[in-house]
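Note sheet for the following structure.
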Amino acid sequence: MSNFHFYYKLTYRRAKYEAGIDWHREDPPPLLKEAVEEGGNQGRALDIGCGTGVNSVFMAQHGYGVTAVDFIPAALPFGIKRAEKAGVKVDFVAADITKYETADKFDLIVDGGCFHGFDERYRLLYRDRLLGWLTVGGQYVLVHFSRGHGLGIVGPRGRKRKEIEEFFGPELKLENFLPETGGKPLFQYRFRKGKGE
């Protein structure tokens with residue numbers, strides 16, 4: 001079990017309320033809100049590393065059919081409860097995104113904090129899967145720690161903006177970027193998949 005997996009598992013097991021989870025945010029990222037507006041509030045959406053389901057429920061409330069995946073099963077009850085309270089349907093799945101199998105295609109994919117936990121080998125696998133799942137013209141929103149985030153060597157593996165753009169290009173074109181999220185060194189990216197990619 002990796003250090004990240006152990007840490008996440010322990011955190012969710014100990015948390016009685018969402019407020020007890022360090023990375024929990026009640027408000028969806030601004031670039032996800034922007035993507036939903038641009039997407040016309042329709043289609044299929046995938047929430048990678050869904051956690052407590054904030055982003056999943058937000059997308060479902062705006063008309064998307066949502067699949068929400070997290071590799072920590074203890075995270076899912078938070079999301080299920082949130083979806084029930086909001087009166088929306090979300091398909092919550094306990095799975096490692098690098099092993100998750102689906103024939104579905106998605107018009108919107110959001111990653112609120114999964115990608116920066118992978119080493120390079122898993123990042124390449126993640127990228128290939130992402131490109132296979134995303135429809136032409138589909139949007140990908142990434143919330144990612146910047147390099148030099150100050151969380152130490154055991155923290156997330158941050159990358160600079162240029163590195164992220166090059167990693168996902170040329171298939172994904174950057175449409176918008178925000179340099180922080182809630183005063184933290186979390187960069188936001190909104191990409192779109194081009195034609196013929």
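Residue numbers start at 1 and run along the sequence shown.
- Shown here for D70 and G49, the closest heavy-atom pair between the two residues is OD2-C, 3.4 Å.
- The heavy-atom pair separating F92 from A83 by the smallest distance is CE1-CB, 4.1 Å.
- Residues F106 and T67 form a side-chain contact, since some pair of their non-hydrogen atoms from C-beta on lies under 4.5 Å apart.
- Distance check: T135 OG1 to D107 CG gives 4.0 Å after rounding to the nearest 0.5 Å.
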inquiry  = Could you go through E37 and H62, starting from their C-alpha distance and side-chain angles, then the distance that decides it, and tell me whether this counts as side-chain contact (heavy atoms from CB on, under 4.5 Å)?
reply    = CA-CA 9 Å; E37 290 174 11; H62 287 82; over 6 Å; no
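- In this structure, CD1 on I97 lies 10.0 Å from CG on L125, to the nearest 0.5 angstrom.
- Considering only heavy atoms from C-beta on, F187 stays 4.5 Å or farther from L178 through its side chain.
- For R129 and E101, the salt-bridge test passes: some basic side-chain N is under 4.0 Å from an acidic carboxylate O.
- Atom-to-atom distance recorded for D47:CG and D91:CG is 12.0 Å, nearest 0.5 angstrom.
- When all heavy atoms of Y64 and A35 are compared, the closest pair comes out as OH-O, 4.2 Å.
- Between V93 and V69, some side-chain heavy-atom pair lies under the 4.5 Å cut-off.
- Contact check for L172 versus L131: side-chain heavy atoms found under the 4.5 Å cut-off.
- Rounding to the nearest 0.5 Å gives a distance of 10.5 Å between CZ of R190 and CG of L32.
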inquiry  = Using the rule given for side-chain contact (heavy atoms from CB on, under 4.5 Å), can you reason through V143 versus D111, listing the C-alpha separation, both sets of side-chain angles and the distance that settles it, and then say yes or no?
reply    = CA-CA 6 Å; V143 179; D111 178 341; over 6 Å; no
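- More than 12 non-hydrogen atoms from other residues, nucleotides or ligands lie less than 6.0 angstrom from NZ of K33.
- Between F191 and F177, a ring centre-to-centre spacing not shorter than 6.0 Å is recorded.
- Ring geometry for F168 against Y126 counts as perpendicular: the plane angle is over 60°, on a 0 to 90° scale with 30° as the lower cut.
- Proximity of a side-chain donor or acceptor of R192 to a complementary backbone N or O of G138 within less than 3.5 Å is not detected.
- When every heavy atom of S56 is checked against every heavy atom of V66, the shortest pair comes out as O-CG2, 3.7 Å.
- In terms of modelled atom types and a separation under 3.5 Å, the side chain of K105 and the main chain of R44 share no donor-acceptor contact.
- In plain terms, the two heavy atoms of L31 and V141 that are nearest each other are O-CG2, 3.8 Å.
- Distance CD/Q188 to CG/N176: 9.0 Å, rounded to 0.5 Å.
- Between R161 and L174 the shortest side-chain heavy-atom distance falls below 4.5 Å.
- When F115, Y189, Y140 are each tested for a ring-ring contact (aromatic ring centres under 6.0 Å, His included) with F167, only one passes: F115.
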Test log, rule side-chain contact (heavy atoms from CB on, under 4.5 Å), inputs V88 and M59 = CA-CA 10 Å; V88 295; M59 292 186 291; over 6 Å; no
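- Side-chain contact between E175 and E34: absent, with no pair of heavy atoms (C-beta onward) separated by less than 4.5 Å.
- Proximity of W133 to L46: side-chain heavy atoms (C-beta onward) are separated by under 4.5 Å at one or more points.
- Looking at heavy atoms from C-beta onward, V54 lies in side-chain contact with R82 at the 4.5 angstrom threshold.
- Scanning both residues, R127 and G169, for their nearest heavy atoms gives NH2-O, 3.2 Å.
- A side-chain donor-acceptor contact under 3.5 Å links K193 to the backbone of L134.
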